[in-house]
Amino acid sequence: MKTAIYARVSTTTNQSVEMQLRDLRELADRRGFEIVGEYCDEGVSGVKNSRPGLDRLLADAETRQFSVILVWKLDRLGRSLVHLVRLMEDFRRLGIELVSFSEGLDFTTTTGKLLFQIISAFAEFERDCIRERVRAGMRNARAKGKPIGRPPHTPLSTETRKAIGRAYRRGEGSLRQLAARFGTSIGTVQRCA
């Protein structure tokens, strides 16, 4: 099987991807996998949306250059449970399996596929909990009379808002023209109208 290796360390101070690569190369050798690419991110935090090594891995995955990805540990790949599940779903869609060395997780097996379903359920639960907390916070803010959303980009006085409303009702220009005239956004003009 053609295999890709992904390794990442957050800091280059006292860490190197070499330990991960050594273990993953030995695993590939034991399993009889042909390594077709090694993708590494050194000194790159896992919370970053864009990581050069991961971006290259994902691009090569889209062209199906390999059928298995070896990682030293799952947290090296995904920045959160939700992100990890999203990556794993993308890999599954492409027919690519995942093996995690240090955790002994092999998603190519029946047990690994079951574990993936359990992890997906936890990720969905996490998303739902976050969504519920956000909605509860918004309800609480509304109950206290606090505005929801971003503050206006350009704070406008009450008089300016009234002037925008009058100009709109008189037909003195389109939303875009009024926004330019008053130095504000189209959305603000709509709210004042």
Side-chain angles (χ1 to χ4, degrees), residues 1-138 149-150:
M1 292 179 103
K2 291 188 176 186
T3 303
I5 289 176
Y6 179 75
R8 179 183 65 79
V9 290
S10 299
T11 177
T12 56
T13 307
N14 290 321
Q15 298 179 358
S16 167
V17 294
E18 280 309 311
M19 177 195 70
Q20 294 176 32
L21 292 174
R22 183 179 55 252
D23 288 343
L24 295 172
R25 289 172 187 146
E26 288 174 8
L27 176 62
D29 188 49
R30 282 194 311 271
R31 298 278 304 263
F33 294 159
E34 174 193 353
I35 300 171
V36 295
E38 293 182 352
Y39 305 84
C40 302
D41 286 312
E42 291 193 72
V44 180
S45 170
V47 297
K48 291 196 179 280
N49 287 333
S50 180
R51 293 178 257 160
L54 181 60
D55 294 345
R56 285 189 300 102
L57 174 80
L58 297 174
D60 289 350
E62 286 291 333
T63 59
R64 293 176 174 82
Q65 294 186 23
F66 42 82
S67 56
V68 175
I69 298 172
L70 302 179
V71 294
W72 195 76
K73 195 172 182 184
L74 289 178
D75 69 356
R76 302 293 85 201
L77 184 63
R79 65 182 180 269
S80 67
L81 184 59
V82 173
H83 181 240
L84 181 63
V85 168
R86 198 170 298 129
L87 286 172
M88 292 171 67
E89 287 171 348
D90 287 345
F91 296 148
R92 175 139 309 155
R93 175 181 54 82
L94 296 167
I96 297 171
E97 298 296 341
L98 184 64
V99 176
S100 173
F101 171 80
S102 65
E103 295 151 329
L105 298 173
D106 186 347
F107 295 98
T108 66
T109 66
T110 304
T111 305
K113 290 174 184 172
L114 171 65
L115 183 59
F116 172 72
Q117 296 300 320
I118 293 169
I119 290 171
S120 296
F122 277 112
E124 184 174 346
F125 174 72
E126 181 182 24
R127 281 191 299 264
D128 289 345
C129 287
I130 291 168
R131 190 177 301 122
E132 286 175 12
R133 285 193 299 270
V134 168
R135 286 181 180 156
M138 290 172 68
R150 292 182 181 171

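A quick note: this is a predicted structure, and the numbers were derived from the prediction, not measured. As a basis for the values below, the full set of heavy atoms in this structure was taken, side chains included, without hydrogen atoms, waters or symmetry mates. Note that the numbering runs from 1 along the sequence shown for the chain.
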Original post:
Excluding sequence neighbours, so at least two apart, what forms salt bridge (charged side-chain N to carboxylate O under 4.0 Å, His left out) with Asp29?
Top reply: none
**OP:** With the side chain counted from C-beta on, respond yes when Pro52 and Arg56 share a heavy-atom pair under 4.5 Å apart, and no when they do not.
**Re:** no
Original post:
What residues form a side chain to side chain donor-acceptor pair (under 3.5 Å) with Glu97, not counting sequence neighbours?
Top reply: none
Subject >> Arg25: side chain to side chain donor-acceptor pair (under 3.5 Å) partners, not counting sequence neighbours >> reply: Glu38
Original post:
From Ser67 OG over to Glu34 CD, what is the distance, rounded to the nearest 0.5 angstrom?
Top reply: 9.5 Å
Original post:
How far does CD1 of Ile96 sit from CG of Leu57, to the nearest 0.5 angstrom?
Top reply: 7.5 Å
Subject >> Pairwise side-chain contact, Asp60 with Val36, heavy-atom cut-off 4.5 Å (strictly under) >> reply: no
Original post:
Distance from Lys2 atom NZ to Ile69 atom CD1, nearest 0.5 Å?
Top reply: 15.0 Å
Subject >> side-chain contact (heavy atoms from CB on, under 4.5 Å) partners of Glu132, counting only residues at least two apart >> reply: none
Original post:
For the residue pair Gly53 and Tyr39, what are the closest heavy atoms and their distance?
Top reply: O-CB, 3.6 Å
Original post:
Side-chain contact, heavy-atom cut-off 4.5 Å: Gln20 with Val9?
Top reply: yes
**OP:** Output all residues satisfying side chain to side chain donor-acceptor pair (under 3.5 Å) with Tyr6, sequence neighbours left out; order by chain, then residue number.
**Re:** Asp41, Arg51
Subject >> Nearest-0.5 Å distance, CG of residue Leu27 to CD1 of residue Ile5 >> reply: 8.0 Å
Subject >> Qualifying residues under salt bridge (charged side-chain N to carboxylate O under 4.0 Å, His left out), relative to Arg131, sequence neighbours excluded >> reply: Asp128
Subject >> Results of salt bridge (charged side-chain N to carboxylate O under 4.0 Å, His left out) for Glu62 - residues two or more places apart only >> reply: Arg93
Subject >> Counterpart residues, salt bridge (charged side-chain N to carboxylate O under 4.0 Å, His left out), relative to Asp106 (two or more places apart) >> reply: Arg31
Subject >> Distance, nearest 0.5 Å, that separates CG of Leu94 from CG of Asp90 >> reply: 7.0 Å
Subject >> Residues in side chain to side chain donor-acceptor pair (under 3.5 Å) contact with Glu103, at least two apart in sequence or another chain >> reply: Ser100
Subject >> Close side-chain approach of Glu26 and Phe101, heavy atoms under 4.5 Å >> reply: no
Original post:
Taking Arg76 for the side chain and Ala7 for the main chain, is one N or O donor matched with an acceptor at less than 3.5 Å?
Top reply: no
Subject >> Interatomic spacing from CG in Asp23 to NZ in Lys73 - rounded to 0.5 Å >> reply: 13.0 Å
Subject >> side-chain contact (heavy atoms from CB on, under 4.5 Å) against Ala28, all qualifying residues, sequence neighbours excluded >> reply: Phe33, Ile35, Leu70
